[in-house]
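Here is the structure we will look at.
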Number of protein chains: 2
Amino acid sequence: MLADTPSPRPFSTIRWTAAQQRTMTAALDLFGMHGVSGTSLQMIADMVGVTKAAVYYQFKTKEEIVIAVAANELAILEDALLAAEAEPERPHARRVLLTRVIDLAVTRRRWVSTLTNDPVIIRVLGEHEPFRHFMSRLYAVLLDEREADDTVARVSAAVLSAAIAGSVVNPLVTELDDETLRTTLIQLTQRMLDLPDPPNG
Amino acid sequence: MLADTPSPRPFSTIRWTAAQQRTMTAALDLFGMHGVSGTSLQMIADMVGVTKAAVYYQFKTKEEIVIAVAANELAILEDALLAAEAEPERPHARRVLLTRVIDLAVTRRRWVSTLTNDPVIIRVLGEHEPFRHFMSRLYAVLLDEREADDTVARVSAAVLSAAIAGSVVNPLVTELDDETLRTTLIQLTQRMLDLPDPPNG
DNA sequence: GTCTATATGACGATAGAC
DNA sequence: GTCTATCGTCATATAGAC
């Protein structure tokens, strides 16, 4: 099930300078707390410890910062997607993807809500072809072609991804440590998938 | 299972003038498109067809608009919660709540993401006691006390609410009409709950 | 209840010194 | 690569006429 795409790793290969990475880290933290529109370049500059002009030297516009941050996050997801796409059997590929996505969602839960729900992030992801293409690869693995009804397959995939992305930010689970949340989530989503346990692990 | 609260309907009883309601409707639409921080009072005024000053006559600050809009949405949820709280049996109460919440989430899916994820909405809901109290009533019905493990109960409730709120805004289901999405979602979440079908319908 | 006009400050973004 | 200083625009919010 290898994807017949021009380049299967469009995001992981992008390189950033150290100064750019400092800016992106601060931006991601602030986006997670206040959303993209609620985060000003002054706030980012203050957190990095430089002036606004220094931030503008690293990125020409605020939008470029958003794109860089989004691409950086998708680069992490990309490894999980490639691992899933390498699996020959669809149900097993789906299980691999879910396990790794849950891993990521739990450890990076502070930023999950912004990355999946922020209006500016959604707009940017929709306007740039590499992002759109990546999302369709993700959903291709997630959609269950065994379902006779396409509607049920679509809603199931939507429920599954929403359950992961949304549950990790719920106040009910903020006090749970990563490992507990991770294990419980995998257990619950496997039950949702109605998949048998893997033979060796 | 009647809640022993001072007033069980803190939101539905609030009254607004017609002019305030026009402002709140416009604000909700714009919040849904651009988020709260991405929506200016000028945009709201333009959509209503008045000037900024006229909007400021209805609400002293932007924050007051956010509070009014949030309270208005919780008022709709309040009816669903009261119906659930009136049920003597917990599992049945949970099923009633889920069915009605899914109804609301589907028909109002344009605004669900903002209302559950926008950083400003979340901050406002956390800062005001009536909102906090309402949310704890919601979770009280949603939490499954039959679960031996509190962790599993918490994560299950988080997964369930996230699945509903998050799935209705997924691009995979935007083309589905309300009735189809509603029916499919109820079917899938009932399966998740592992509840038996109700005796009479 | 809505208007014009304005105060005050923050926003994204740029020029040019170092 | 970072700084100071600044531009033009837009933000929230207010005063006072009608």
Side-chain angles (χ1 to χ4, degrees), chain A residues 14-72 114 118-125 127-128, chain B residues 14-72 114 118-125 127-128:
Chain A
I14 303 176
R15 306 307 268 176
W16 309 99
T17 68
Q20 281 176 323
Q21 282 173 13
R22 282 195 298 275
T23 304
M24 289 159 65
T25 302
L28 179 59
D29 271 349
L30 289 164
F31 290 167
M33 288 187 279
H34 311 289
V36 175
S37 290
T39 300
S40 71
L41 287 168
Q42 187 64 65
M43 293 161 77
I44 298 173
D46 289 348
M47 180 166 278
V48 179
V50 296
T51 63
K52 256 198 300 182
V55 173
Y56 270 103
Y57 176 79
Q58 310 297 340
F59 297 95
K60 272 200 276 256
T61 63
K62 185 182 179 181
E63 179 118 346
E64 274 194 24
I65 300 179
V66 174
I67 295 171
V69 165
N72 214 36
T114 293
D118 187 281
V120 178
I121 303 261
I122 289 177
R123 177 178 58 77
V124 165
L125 261 55
E127 284 172 357
H128 293 259
Chain B
I14 303 176
R15 306 307 268 176
W16 309 98
T17 69
Q20 281 176 323
Q21 281 172 14
R22 282 194 298 274
T23 304
M24 289 160 64
T25 302
L28 179 59
D29 271 348
L30 290 164
F31 290 168
M33 289 187 279
H34 312 289
V36 175
S37 290
T39 300
S40 71
L41 287 169
Q42 186 65 66
M43 295 162 75
I44 297 173
D46 288 348
M47 180 166 278
V48 178
V50 296
T51 63
K52 263 195 298 180
V55 173
Y56 270 104
Y57 176 78
Q58 308 298 339
F59 296 96
K60 273 200 275 256
T61 64
K62 184 182 180 182
E63 179 116 348
E64 275 193 23
I65 300 178
V66 174
I67 295 172
V69 165
N72 213 35
T114 293
D118 187 282
V120 178
I121 302 263
I122 290 176
R123 178 178 56 76
V124 165
L125 260 56
E127 283 173 356
H128 293 258

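To find a chain, count down the sequence lines: A is the first, B the second, and so on, and within it residues start at 1.
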- Query: Between B:Arg123 and B:Val120, does a side chain to side chain contact (heavy atoms under 4.5 Å, CB included) hold up when you go through it step by step?
  - Reply: CA-CA 5 Å; B:Arg123 178 178 56 76; B:Val120 178; 3.8 Å; yes
- Task: Take A:Ile67 and A:Phe59, measure what side chain to side chain contact (heavy atoms under 4.5 Å, CB included) needs, and give me the verdict at the end.
- Result: CA-CA 10 Å; A:Ile67 295 171; A:Phe59 297 95; over 6 Å; no
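Within the 4.5 Å cutoff, the side chain of B:Leu28 has no heavy atoms near those of the B:Asn72 side chain. Between B:Val36 and B:Val124 there is no side-chain heavy-atom pair separated by less than 4.5 Å. Here the side chains of B:Glu63 and B:Glu127 are in contact, with some heavy-atom distance below 4.5 Å. In this structure the side chain of A:Trp16 never reaches within 4.5 angstrom of the side chain of A:Thr23, judged on heavy atoms. Counting heavy atoms from C-beta outward, A:Val55 and A:Ile65 have side chains that approach closer than 4.5 Å.
Where B:Ala18 and A:Gln42 meet DNA chain C, the nucleotide closest to each residue was compared, and B:Ala18 sits on the side nearer the 5' end.
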- When every nucleotide of nucleotides 4-10 of chain D is labelled 5' to 3' by its protein contacts under 4.0 Å (heavy atoms), B for base, S for sugar-phosphate only, - for none, what sequence of letters results? B------
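Rounding to the nearest 0.5 angstrom, the gap separating the CG atom in B:Asp118 from the OG atom in A:Ser37 is 9.0 Å. The line from CD1 of A:Ile44 to OG1 of A:Thr25 is 11.5 Å long, rounded to the nearest 0.5 Å. In this structure, B:Arg22 CZ and B:Met47 CE are separated by 14.5 Å, a value rounded to the nearest 0.5 Å.
Summarising the geometry, the separation between CD1 on B:Ile44 and C1' on D:dT12 is reported as 11 Å, rounded to the nearest angstrom. With rounding to whole Å, B:Tyr56 atom OH is found 5 Å from D:dA13 atom C1'. Distance CZ (B:Phe59) to C1' (D:dA13): 16 Å, rounded to an integer number of Å.
With A:Gln58 as the partner, the side chain to side chain contact (heavy atoms under 4.5 Å, CB included) test is satisfied by one option alone out of A:Gln20, A:Glu64, A:Met24: A:Gln20.
When the local axes at the two ends of the helix from C:dG1-D:dC18 to C:dC18-D:dG1 are compared, using 5 base pairs at each end, they differ in direction by 10° after rounding to 10°.
Note on B:Thr39: only backbone sugar-phosphate atoms sit closer than 4.0 angstrom, heavy atoms only; bases stay farther off.
Contact footprint of chain A on DNA chain C: nucleotides with an atom under 4.0 Å from a non-hydrogen protein atom, first to last in 5' to 3' order, C:dC11 to C:dA15.
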